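Both backbone and side-chain heavy atoms feed into the values below; hydrogens, waters and symmetry mates do not. Numbers here are sequence positions counted from 1. Since we're looking at a predicted model, the values are computed, not measured.
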Amino acid sequence: MKKQEVKELSIEELKEKLAEYTKQHADLKMAHFVTPLENPLQIRKVRRTAARLATELTKRENQ
């Protein structure tokens with residue numbers, strides 16, 4: 001997800017997406033630990049997207 005896409009989401013959508021990406025990150029890490037992934041860079045992409053979502057959520061809650 002791009003930064004602009006994240007800004008367009010509501011707070012509820014941010015929380016849902018954050019939970020989804022956090023779970024996906026954990027699943028990818030576990031899968032990579034057991035058997036190396038074909039594209040391990042997708043772990044980084046999912047982790048960074050989750051961080052973008054968390055940052056935007058924190059920003060909105062502090063306003």
Could you tell me the separation between the [atom1] atom of [X] and the [atom2] atom of [Y], rounded to the nearest 0.5 Å?
{"X": "H32", "Y": "E38", "atom1": "NE2", "atom2": "CD", "value": "12.5 Å"}
{"X": "T49", "Y": "E20", "atom1": "OG1", "atom2": "CD", "value": "10.5 Å"}
{"X": "L14", "Y": "E61", "atom1": "CG", "atom2": "CD", "value": "9.0 Å"}
{"X": "D27", "Y": "I43", "atom1": "CG", "atom2": "CD1", "value": "11.0 Å"}
{"X": "L57", "Y": "I11", "atom1": "CG", "atom2": "CD1", "value": "7.0 Å"}
{"X": "K17", "Y": "E5", "atom1": "NZ", "atom2": "CD", "value": "9.0 Å"}

Is the closest side-chain heavy-atom distance between [X] and [Y] below 4.5 Å?
{"X": "K7", "Y": "E56", "value": "yes"}
{"X": "L53", "Y": "L9", "value": "yes"}
{"X": "R47", "Y": "Y21", "value": "no"}

field: Closest approach of A31 to L37 (non-hydrogen atoms, all atoms of both residues)
entry: CB-CD2, 4.1 Å
